2 protein chains.
Amino acid sequence: MRIGELAARAGTTTRTLRYYEARGLLPARRDGNGHRTYDEGDLRLLEQIRTLQDFGFGLEETRPFVECLRAGHPEGDSCPASLVVYRRKLDELDALIGQLTAVRETVAGQLRRAERARDELAAEALVPGGPEPGCELGGMTR
Amino acid sequence: MRIGELAARAGTTTRTLRYYEARGLLPARRDGNGHRTYDEGDLRLLEQIRTLQDFGFGLEETRPFVECLRAGHPEGDSCPASLVVYRRKLDELDALIGQLTAVRETVAGQLRRAERARDELAAEALVPGGPEPGCELGGMTR
DNA sequence: GTAGGCGTTGACGTGGGCGTCAAGGCAAGA
DNA sequence: TCTTGCCTTGACGCCCACGTCAACGCCTAC
């Protein structure tokens with residue numbers, strides 16, 4: 001199998017495969033014309049890489065999985081090094097989700113505050129003898 | 001106030017301020033020497049930008065807030081355009097948190113499966129007349 | 001012959017928000 | 001006078017996973 005066919009079967013591009021080879025992640029044999037040659041095992045490795053990439057793993061993080069498969073293990077995560085990457089990624093995800101959730105709540109609070117201020121200004125405009133001045137409540141200046 | 005002082009007071013760098021000016025976000029007056037000159041209002045604008053940046057807003061997303069302040073409004077989010085950005089950012093955060101949470105659960109499941117497989121292999125090695133062969137349970141080949 | 005379709009290497013572009021030189025100007029203090 | 005310390009513009013680097021283009025080679029079909 002040559003590079004175009006492998007790329008098509010894995011749903012990726014030849015550029016990506018050449019990039020993986022340059023990074024030492026997915027080396028290829030060569031035929032008489034200098035063309036890259038791959039087999040079904042390479043497809044398996046490539047699928048492993050792509051799956052992890054879809055999960056947001058960096059390329060280097062996929063390396064233990066690929067090497068585990070190449071060592072003959074049944075799954076890419078059959079090796080301790082892969083489990084270490086799993087756990088580290090879980091920690092990273094938890095930290096990131098926590099940060100994003102905190103930001104989300106902060107932004108939601110700011111939006112509610114800004115909408116309330118807007119509504120109060122509108123009400124004030126409707127009632128000429130409205131609330132007293134001097135009602136500054138502070139903004140978001142950290 | 002010159003650029004170094006403003007940067008120090010805002011906890012950022014002169015490079016950042018020049019970058020903001022190049023993007024048209026925080027233009028500066030010039031003194032006789034061609035040096036950039038800022039006032040307290042600019043510090044306010046800069047603090048607004050930095051706060052939103054800390055929340056993960058892109059620079060362009062801070063523009064409505066800055067222009068709102070420069071138009072004389074009491075807060076950067078006193079204008080409808082800013083509220084639109086708030087709501088869009090909330091939607092983005094919700095989508096992102098949802099995706100990350102789904103990935104987190106998937107990875108956690110993979111980790112549990114891989115650990116179970118490892119433990120079963122270890123148990124099998126301890127009990128020579130252990131379970132029958134042919135127990136492949138499938139991996140993560142999408 | 002020639003057009004098409006596959007492959008090759010090399011090199012530059014992308015996005016975002018800056019960091020990091022390089023080369024120079026201008027003002028104040030020892 | 002010389003240093004120092006601030007400022008100026010311009011340009012390249014970074015990260016990451018590729019996209020895109022250039023210029024070329026090989027094989028097949030018409």
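In what follows, chains are A, B, ... by sequence order, proteins preceding strands, each numbered from 1. Small disclaimer: the values here were computed from a predicted structure and weren't measured.
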Is the shortest side-chain N to carboxylate O distance from B:R113 to A:E75 below 4.0 Å?
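No.
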Residues B:R29 and B:D42 bridged, charged N to O under 4.0 Å:
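Result for this pair is yes, salt bridge flagged.
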Give me the atom names and distance for the closest heavy-atom approach of B:S78 to B:H73.
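Smallest interatomic distance, heavy atoms only, reads CB-CB, 3.8 Å.
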For B:T14 versus B:I3, what's the shortest heavy-atom pair and its separation?
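What the structure gives for the nearest pair is O-CD1, 3.7 Å.
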Tell me which residues in residues 14-29 of chain B put a heavy atom below 4.0 Å from DNA chain C, sorted by number, or none.
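Within this stretch, B:R15, B:T16, B:Y19, B:Y20 sit under 4.0 Å of the strand.
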Does [X] make a side-chain N or O approach to OP1 or OP2 of [N] shorter than 4.0 Å?
{"X": "B:R50", "N": "C:dG17", "result": "no"}
{"X": "B:T13", "N": "C:dG19", "result": "yes"}
{"X": "A:Q53", "N": "D:dC18", "result": "yes"}
{"X": "A:R36", "N": "C:dG7", "result": "no"}
{"X": "B:R2", "N": "D:dG5", "result": "no"}

Check the pair B:L46, B:L26 against side-chain contact (heavy atoms from CB on, under 4.5 Å), reporting the backbone distance first and the verdict last.
CA-CA 8 Å; B:L46 182 51; B:L26 190 65; 4.3 Å; yes
Quick test of your reading: applying disulfide bond (SG atoms under 2.5 Å apart), list the pairs with at least one residue in residues 5-103 of chain B, sequence neighbours left out, ordered by first then second residue.
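For residues 5-103 of chain B: B:C68-B:C79.
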Atom-pair distance ([atom1] on [X]; [atom2] on [N]), nearest Å:
{"X": "B:M1", "N": "D:dC6", "atom1": "CE", "atom2": "C1'", "result": "16 Å"}
{"X": "B:E61", "N": "C:dG17", "atom1": "CD", "atom2": "C1'", "result": "14 Å"}
{"X": "B:L46", "N": "C:dC18", "atom1": "CG", "atom2": "C1'", "result": "14 Å"}
{"X": "B:D31", "N": "C:dG25", "atom1": "CG", "atom2": "C1'", "result": "13 Å"}
{"X": "A:R63", "N": "D:dC16", "atom1": "CZ", "atom2": "P", "result": "13 Å"}
{"X": "B:I3", "N": "C:dC18", "atom1": "CD1", "atom2": "C1'", "result": "13 Å"}

Listed partners of A:R23 passing salt bridge (Lys or Arg N to Asp or Glu O under 4.0 Å), at least two apart
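Counting only residues at least two positions away or on another chain, A:R23 forms a salt bridge (Lys or Arg N to Asp or Glu O under 4.0 Å) with A:E60.
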Kindly indicate, with the supporting measurements, whether the criterion salt bridge (Lys or Arg N to Asp or Glu O under 4.0 Å) is fulfilled by B:E92 and B:R88.
CA-CA 6 Å; B:E92 290 174 17; B:R88 189 158 46 76; 3.5 Å; yes
Backbone N/O of A:I49 and side chain of A:T62: donor-acceptor pair under 3.5 Å:
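Flag not set: sc A:T62 to bb A:I49 has no pair under 3.5 Å.
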To the nearest 10°, give me the bend of the helix from C:dG1-D:dC30 to C:dA30-D:dT1, comparing the axes of its five terminal pairs at either end.
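The two end axes of the helix from C:dG1-D:dC30 to C:dA30-D:dT1 meet at 50°.
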Close N/O contacts between protein and nucleotides 24-28 of chain D (under 3.5 Å):
none

Not counting sequence neighbours, which residues clear side chain to side chain donor-acceptor pair (under 3.5 Å) with B:H35? List them please.
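Here the qualifying residues are B:R2.
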For the pair A:L43 and A:Y38, evaluate side-chain contact (heavy atoms from CB on, under 4.5 Å) and give the outcome as yes or no after the intermediate values.
CA-CA 8 Å; A:L43 176 59; A:Y38 302 91; over 6 Å; no
